[in-house]
Amino acid sequence: MLILHQKLTEITQAALQQAFPEEFASSLKSGSPLNAQLVYASKPEFGDFQINGALSLSKALKQPPRNIALEIIKQLNKDEKFLEICQLPQIAGPGFINLTIKGSQITSALISRLNDDRLGIPLVQKSKKEQLSRVVVDFSSPNIAKEMHVGHLRSTIIGDSIARVLEFRGHEVLRLNHVGDWGTQFGMLINYLKTVSPKALQEPDAIDLGDLVEFYRQAKKRFDEDSEFQDASRKEVVKLQSGDHESLQSWGLLCEQSRKEFEKIYTRLDIRLQERGESFYNKFLQAVVDELKASGLLVTDNGAKCVFLNGVTGKDGKPLPMIIQKSDGGFNYATTDLAAIRYRLHSSPQGDGANRLIYVTDAGQASHFAGVFQIAKRAGWLKSNARLEHVPFGLVQGEDGKKLKTRSGQTVKLRELLDEAVSKAETDLRQRLQDEGRQESEAFINHVSKTVGLAAVKYADLSQNRVTNYQFSFERMLALQGNTAPYLLYALVRIAGIARKGGDLYIQNNVTLNLTENIEWELAKALLKFDAVILEVEEELLPNRLCSYLFELSQIFNRFYDQLPILKTNETTKNCRLILCRLTADTLKQGMNLLGIPTLERM
RNA sequence: GGGGCUGUAGCUCAGCUGGAUAGAGCGACGGUUUCCUAAACCGUAGGUCGUGGGUUCGAGUCCCGCCAGCCCCGCCA
């Protein structure tokens, strides 16, 4: 539908221009050209597209809306290209123009999609200008020496999906894991490591720290109780920052240990991520300070070097500062974030040469990023086409509406959360098999449980608008009905079932589509909307739009499946319906793939 | 005190640049299976879109005030 939308936009603009040439010309000069406002129809009974412009142009053109609509229609009816695409336009209500695409256009669009493994989604133009197009998606970002918990769930899943969509569109995507691998807590950790396991330094591979979370907890406990330990830890921070060999080695060991744990989760969730922690930017921190100083943004206040933000005021009404270098000479996270922006935007090889930076972090950091972005802009680091975007998301809440915790009040570990989802899916599946008297192998049960459980967790998160808080509920996500992963997976299973029962989904002979039933048309049109949805997600970075689309597509397919026989009809009708099945399957699979969710043949 | 986000059906949520009679799912109630997986499908009930103003031909959507909840606000990340 993208191509049709584009063509019709041009055609309706031309019609508007021809209907009101003088007004159109003067509107061009004034810089706010008249717009026919062609959009997708809000309801099926209004056709496929609607022109809304007649209503809003009423004042400018000094005519009643229906007259304007009539004039536009006159021009449209003279346009051969238009008549080729659409049926005769209809005026409706106060002055809307409803457009319905001709059936032949729909079927030929479907057929061209059969031979298109990109399902109508264009690749970004590799023109010279866009060749430099590189996108950084900064997501997941757990802290070293801490286990991943629910807090990382949303960033990881949403960030991955956004990266997948951008990659599919042909952007060069840098998936960066900005792990917390630097900071004062390492003094404590290294000191504790030296205390409990001095051998670890000689043979880094020989030692297994085990549960790092427990290790962290014990270190923290010792730190809080033992003042000598505290002093030693502070000295350790200084040693680490000054590049002491032994300290760095311990630090590396801790990072390596964490990395192994993170990898397990990423492998399980099928997430690719390039680790580039905060420490990477250490060598650029001083340069940030120098550049901000040179550009005149840096102000020393109470010994700290700050940049005062525009439009952000504190209690006394004065601008709030962002601290770039503490009075003791140390840097903090704002400095690191600035160094990261600078590096990512800087052309290679001194930087990543990216022109779109996407940060998938919780909404609580909104003002932090607003501040950091502002400084980057004022420092002149952005080229004209560069975009900095914070992609915020809400909290994960329990069913009580409060931040999700375990029964004992602990943070929920991501690993355990995933285990539970899979195990619940398994219980459910076994019950179902028993009820239906089905026999399946253990391998099948394990595979389906794992796929369904993880898909449920991902989909539940992605299907909600990320800005709002998200109420986590195993019961709902695994309910296996409604807007859930299992519902979508089931639609695919049905299609796979048809193929097993002798339906050839990949008919090679020159196909002709002859759609007769309403539900067939509905399905056909739904399939054609996929391309527009993907472009919308690319722009708005809202994966839930894709989820809604896939859910609606599945609903339409299920109705189609319910109402019409597919295999038990005459040959022509059968082939035609098989093509609809195949395109539905391809679209669902590709859509799910962009959500990071693998699909099943049977479940 | 300043700033941000949120407030839509009993519950969980959609609602794209303002457009026609505000939509799903769950739950509730009722129906559908000699046929491709019923993890499905069909139907019924359920709403002063937090609230009061304003802009507009038209507002859930934009602007202002108020109420409620959550989050952020100089040397932690």
Side-chain angles (χ1 to χ4, degrees), chain A residues 35 37 39-40 42-43 45-46 50 52 55-56 58-59 64-65 92-96 98 141 143 180 182-185 278 301-306 311-317 320-328 330-334 336-337 362-368 370-371 392 394-395 397 399 401-403 428-429 432 436 438 452 463-465 467-471 473 475-476 479-484 486-487 489-491 493-503 532-533 536 539-540 542 544-545 547-548 551-552 555 558-559 561-563 565-568 581 602-603:
Chain A
N35 188 346
Q37 294 180 38
V39 296
Y40 293 97
S42 55
K43 291 183 179 182
E45 56 262 41
F46 301 147
Q50 57 187 61
N52 291 337
L55 292 100
S56 54
S58 175
K59 191 167 270 182
F96 299 102
N98 293 339
S141 307
N143 288 317
W182 203 250
T184 47
Q185 78 274 19
E278 294 171 349
D301 193 72
N302 285 334
K305 290 173 181 155
C306 326
V312 185
T313 51
K315 292 176 185 129
D316 49 5
L320 273 182
M322 191 159 254
I323 293 178
I324 308 299
Q325 188 166 23
K326 297 188 279 190
S327 50
D328 66 3
F331 305 103
N332 58 19
Y333 70 110
T336 307
D337 280 341
D362 69 277
Q365 298 188 48
S367 42
H368 165 69
L395 282 175
Q397 298 175 319
E399 293 186 64
K402 291 179 183 163
K403 196 169 173 180
D428 212 81
L429 177 62
R432 193 176 308 279
E436 294 171 7
R438 281 168 64 190
V452 170
S463 61
Q464 187 164 336
N465 187 317
V467 180
T468 51
N469 289 344
Y470 159 53
Q471 201 173 93
S473 159
E475 199 193 331
R476 269 199 297 275
L480 313 186
Q481 55 210 265
N483 189 4
T484 61
Y487 182 88
L489 291 171
Y490 181 62
V493 163
R494 282 184 143 178
I495 298 171
I498 291 167
R500 274 197 305 278
K501 287 287 165 76
V533 172
E536 188 185 319
E539 192 53 36
E540 309 287 333
L542 289 172
N544 67 304
R545 297 267 164 81
C547 294
S548 299
F551 176 56
E552 281 162 28
Q555 280 183 308
N558 274 329
R559 266 186 272 141
Y561 180 93
D562 201 64
Q563 288 175 24
I566 293 159
L567 295 175
K568 294 177 181 173
C581 286
R602 295 198 305 124
M603 65 191 279

Check: N558(A) side chain, rA38(B) base, donor-acceptor under 3.5 Å: no
I want to know whether F551(A) and Y487(A) have ring centres closer than 6.0 Å. yes
Any side-chain donor-acceptor pair under 3.5 Å between E552(A) and S548(A)? no
Quick one: is T468(A) getting a side-chain N or O under 4.0 Å of the rU6(B) phosphate, OP1 or OP2? no
According to the Watson-Crick and G-U wobble definitions, with both distances under 3.5 Å, which nucleotide is paired to rC29(B)? rG43(B)
Expressed as a whole number of angstroms, how long is the span from N302(A):CG to rC75(B):C1'? 10 Å
Can you tell me the pairing partner of rC5(B) across any strand shown, Watson-Crick or G-U wobble, with both distances under 3.5 angstrom? rG69(B)
Distance between P atoms of rG50(B) and rA9(B) (Å, rounded): 8 Å
Between R545(A) and rG15(B), is there a side-chain N or O to OP1/OP2 distance below 4.0 Å? yes
When you compare rG52(B) with rC67(B), how far apart are their C1' atoms, in angstrom units rounded to a whole number? 11 Å
With a 4.0 Å cutoff (strictly under), does any side-chain N or O of Q555(A) reach OP1 or OP2 of rA40(B)? no
Would you say rC75(B) has OP1 or OP2 under 4.0 Å from some side-chain N or O of K305(A)? no
Just the rounded figure in Å: distance from P of rC13(B) to CD of Q471(A). 5 Å
R432(A) CZ to rA39(B) P: how many Å, rounded? 6 Å
Roughly how many Å apart are rA20(B) and rG58(B), using the P atom of each and rounding to a whole number? 14 Å
Does the side chain of R494(A) get closer than 4.0 angstrom to OP1 or OP2 of rA39(B) through an N or O atom? no
Nearest to the side chain of I323(A) - rG74(B), rA20(B), rU37(B)? rG74(B)
When you get a sec, tell me which of rC57(B), rG25(B), rA14(B) is the closest nucleotide to the side chain of N544(A)? rA14(B)
Find the distance H368(A):NE2 to rC5(B):C1' and express it as a whole number of Å. 18 Å
Atom P, compared across rG30(B) and rA45(B): separation rounded to whole Å: 15 Å
Side chain of S56(A) only, please: which of rC16(B), rC75(B), rC57(B) is the nearest? rC57(B)
P atom, rG10(B) versus rU55(B): distance in rounded Å? 32 Å
Taking 4.0 Å as the cut-off, does a side-chain nitrogen or oxygen of R559(A) come that near to OP1 or OP2 on rC42(B)? yes
Below 4.0 Å: OP1/OP2 of rC35(B) and any side-chain N or O of K501(A): no
Expressed as a whole number of Å, how far does the C1' atom of rC49(B) sit from that of rA14(B)? 13 Å
Side-chain N or O of N465(A) closer than 4.0 Å to phosphate OP1/OP2 of rG15(B): yes
Any N/O donor-acceptor pair, Q50(A) side-chain to rA20(B) base, under 3.5 Å: yes
Side-chain donor-acceptor pair present, N558(A), R494(A), cut-off under 3.5 Å: yes
Return yes if a side-chain donor-acceptor contact under 3.5 Å exists between Q50(A) and N52(A), otherwise no. yes
How is E436(A) classified with respect to the nucleic acid when contacts are heavy atoms under 4.0 Å: base, sugar-phosphate, or nothing? sugar-phosphate
C1' atom, rG47(B) versus rU8(B): distance in rounded Å? 8 Å
Go through the N and O atoms of the side chain of Y490(A) and the base of rA39(B), and report whether any donor-acceptor pair is under 3.5 Å. no
Taking the C1' atom of each, how far is rU61(B) from rU56(B), in whole Å? 13 Å
Would you say D362(A)'s side chain and G364(A)'s backbone share a donor-acceptor pair under 3.5 angstrom? yes
